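Below: one structure, written as structure tokens.
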Amino acid sequence: MTDKKNADAGEKKSGAAGNFIRNIIDEDLKNNTYRGRVVTRFPPEPNGYLHIGHAKSICLNFGIAGDYKGECHMRFDDTNPSKEETEYVESILEDVKWMGGNWGEHLYYASDYFDKLYAFAVELIRKGKAYVDDLSAEEIREYRGTLTEAGKESPYRNRSAEENLALFEGMKKGEFPDGSRVLRAKIDMASPNIIMRDPTLYRIRKTAHHRTGEKWCIYPMYDFTHCLSDSMEGVTHSICTLEFENNRELYDWVLSTLNVYHPRQIEFARLNLTYTILSKRKLIGLVQGGYVSGWEDPRMPTISGMRRRGYPAGAIRNFCDRIGVARRDSMVDMALLEFSVREYLNRHARRVMAVLNPLRVVIENYPEDSPEDMLECINNPEDPEAGTRTVPFSKVLYIEKEDFMENPPKKFFRLGPGREVRLRYAYFITCTDVIKDEKGEITELRCTYDPATRGGDAPDGRKVKGTLHWVSAAHAVDAEVRLYDYLFNRENPNECEDYKECLHPDSLKVLTDCKLEPCLAQVAPGERFQFERLGYFCADSRDSQPGKPVFNRTVTLRDTWAKMQKKGKA
RNA sequence: UGGGGUGUCGUCAAGCGGUAAGACACAGGAUUUUGGUUCCUGCAUCCGGAGGUUCGAAUCCUCCCGCCCCAGCCA
């Protein structure tokens, strides 16, 4: 994966970036801890769409497997039927694949292990290490104690193995109602680690499972399922996020108590990104509350949202490489993600011209009935192999409204009354007149052109400061363009009382009167371009139609002019 | 106030007793038919704080401080 990634970005890197997890693996390899094997896994719960935080985990787990010639298992942690759906497993599979994750034959579901898991639970009971508890959920909570006080033992804690076995089987057979009993590990109610105070292993839930249907009415908990799944699959390094640190003691307890193959759990800090949220619960809230159009809304930090927005998988991988892997909590600057996207697209996206807010320009001295004036344009200056194309020029054109100012300041290099600029790949034009409507709005510009400057260079060596993009009115393709901005207007939306209050009101602007150069009439869904001087845009995978394209703005170009204006230097 | 973690540039992040990598951001400048790209230059005498060990400490020891996680029959 790393090699591919480097090729994608076209850059030379000094091999895969090291991190503390790779250091651990190197050490294990040196000591032959796992007979030279490296097996990781990516274990999402199918209860939502994957987001950029998962992308970090995908890059980590699949990246390590690839670099060490090991394997990475794709495994659904589907032990809670009330939250999980098939729609989610489908989207997850698609997203992981798109990110470049290759699990080969290793596609697993924790639900496929239910029989084995049940057998392990029985074994635990036989060993006197698990018991059926009749306490209610509230009672269990009360008995658990607090952070500073030890808990107390359940009165059902010392049932005989026989009784526990019978009861557990009864649970399995559906003889008891939801919530009436649970299977608990018998560990230590006074443990300073609350997770070790007789954790629940199985609960009764008479709910159909998206894969096992009605077969089960008891479902294993994460802590019991995950470690055993890792063990059965022969995982060597079970990489998860920091919040599972406290659970590691239980992970180790289950495996050693059952005396089975024992992988090592390693935790790393999850990703946080400025101007967005990465909590599944909150993301679901945005979807269900209708604050976005769905999980694939281009403003969402979901993998599918970013894909629809136009972020290339290779750019996301480069981003994941750059942020590193460590154990300290951090908040990565969204600017780094955008940098990765621009860097990638700069090398891969064809350049075209598009006018988002059109202003009509009439070239008065341009012949009315001239033959087709086709101008040659470079498709990508960063990639000679992308070749060239021709674009038609004519007497009536559109330029960008903001490329003209009636009273321009000194540092404004664009068009103004009496000023001369270059139309990219075309001619120098000079503004001779400004036409306004009754409200004083500028509706049209009258200009003259210099036929000698065809192609964009003046034979007399005369220079112009500005170069504008343009589209011939007669040949223009009408389009809708959606401009996206950050979803939130706060660097850290989690600091808001209610994260929905911090939603950026202008995160989406729809422009319906855009003019594109002719070659854009037929674009494939998802096709990406650089609209010169504006940014990178991607044909919407849902709404773009032949002849009536719809584009999403992926990211703007760096804009030093906008920066100058903002700082008041212009 | 129990336990588990963690504190190195604005943001990420290397560093593992020999005297602070790199990236983004930011600020200058050069080149430019995208105010894009590219290219130079600058940007932590200092590593949460205070002591100590050492010829030498971000790295070892002690104490203190901040932040994160854990009391789901969620994962």
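Small disclaimer: the values here were computed from a predicted structure and weren't measured. Reminder, nothing fancy here: chain letters follow the sequence lines and each chain counts from 1.
In this structure a side-chain-to-backbone donor-acceptor pair under 3.5 Å is present from A:His469 to A:Ala354. Using modelled atom types, no side-chain atom of A:Asp230 and backbone atom of A:Val235 make a donor-acceptor pair closer than 3.5 Å. A donor-acceptor pair under 3.5 Å is absent between the side-chain atoms of A:Ser191 and the main chain of A:Asp188, judged by distance alone.
In B:G7 the O4'-C1'-N dihedral to the base is more than 90° from 0, which defines an anti nucleotide.
Nucleic acid contact class of A:Thr146 (heavy atoms, under 4.0 Å, all strands): base. Residue A:Asn247 is in base contact, counting any heavy-atom pair closer than 4.0 Å across all strands shown. Among the heavy atoms of the strands, none lies under 4.0 Å from A:Pro44.
Of the listed residues (A:Asp403, A:Asp559, A:Thr467, A:Thr556), just one forms a side chain to side chain donor-acceptor pair (under 3.5 Å) with A:Arg533, and that residue is A:Asp403. The ring pair (Phe, Tyr, Trp, His ring centres under 6.0 Å) test with A:Tyr118 singles out one residue from A:Phe168, A:Tyr113, A:Phe224, and that residue is A:Phe168.
For A:Asn246 against B:G5, a side-chain-to-base donor-acceptor contact under 3.5 Å is absent.
Using Watson-Crick or G-U wobble geometry with both donor-acceptor distances under 3.5 Å, B:G66 finds its partner in B:U6. Nucleotide B:A21 is matched to nothing when pairs are restricted to Watson-Crick or G-U wobble geometry with both distances under 3.5 angstrom. Partner assigned to B:C39 is B:G29, using Watson-Crick or G-U wobble distances below 3.5 angstrom.
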* To do: With salt bridge (Lys or Arg N to Asp or Glu O under 4.0 Å) as the test, would you mind laying out the steps for A:Arg203 and A:Asp178 before giving the verdict?
  => CA-CA 8 Å; A:Arg203 74 286 212 183; A:Asp178 280 18; over 6 Å; no
Distances for protein N or O near nucleotides 22-26 of chain B N or O, under 3.5 Å:
from, atom 1, to, atom 2, distance (Å)
B:C26, OP1, A:Lys563, NZ, 3.2

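The gap from the C1' atom of B:G2 to that of B:A20 amounts to 38 Å, rounded to the nearest Å.
For A:Arg328 and B:U11, the shortest distance from a side-chain N or O to OP1 or OP2 is not below 4.0 Å.
Nearest-nucleotide positions on RNA chain B place A:Arg424 closer to the 5' end than the other of A:Arg424 and A:Asp77.
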